[in-house]
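Report on the following structure.
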Amino acid sequence: MAFNPMNLMKMKGRYQTFRQQHPKFIPFLKSCESSAVEGAVVELSVTAPGGEKKTANIKLTADDIATLNMLLGRKK
């Protein structure tokens with residue numbers, strides 16, 4: 001898969017739209033930053049309009065945290 005700069009521009013636009021449509025989400029993630037330590041559990045639930053709910057969780061490892069830091073551009 002080749003790098004396509006246009007895809008990066010599209011992602012930036014989608015990110016900006018997402019932030020505008022869900023203004024509380026990014027501050028929520030930032031408030032969780034200090035809790036995202038090795039051994040912490042991250043859980044995600046999705047509830048469909050009909051009420052069906054699916055939930056998954058992961059226990060964070062040191063590798064997970066390193067990956068998150070890399071994605072977020074943090075040096076740790």
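Every value quoted in this text rests on a predicted model; they were computed, and no experiment measured them.
For the side chain to side chain contact (heavy atoms under 4.5 Å, CB included) test with Val42, the passing option among Asp64, Leu60, Leu68, Asn57 is Leu60; the others fail.
Across every non-hydrogen atom of Thr47 and Lys53, the tightest pair is OG1-CG, 3.7 Å. Residues Ala40 and Ser35 come closest through the heavy atom pair CB-O, 3.3 Å. Minimum interatomic distance between Pro27 and Pro23 (heavy atoms only, all atoms of both residues): CD-O, 3.2 Å. Nearest approach of Ser34 to Ser31, heavy atoms of both residues: OG-O, 4.4 Å. In terms of heavy-atom proximity, Ala36 sits nearest to Ile65 at O-CD1, 3.8 Å.
Note: Asn69 CG to Glu33 CD = 8.0 Å, rounded to the nearest 0.5 Å. With values rounded to the nearest 0.5 angstrom, His22 atom NE2 is found 10.0 Å from Thr17 atom OG1. Note that CD of Gln16 and CZ of Arg19 are 9.0 Å apart. Values are rounded to the nearest 0.5 Å.
Within the structure, ring-ring contact (aromatic ring centres under 6.0 Å, His included) pairs that include any residue of residues 23-61 comprise Phe18-Phe25 (at least two apart or interchain).
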- Task: Before giving the answer on side chain to side chain contact (heavy atoms under 4.5 Å, CB included), spell out for Thr67 and Met70 the whole-Å C-alpha distance, their side-chain angles and the decisive distance to 0.1 Å.
- Result: CA-CA 5 Å; Thr67 301; Met70 187 183 309; 5.6 Å; no

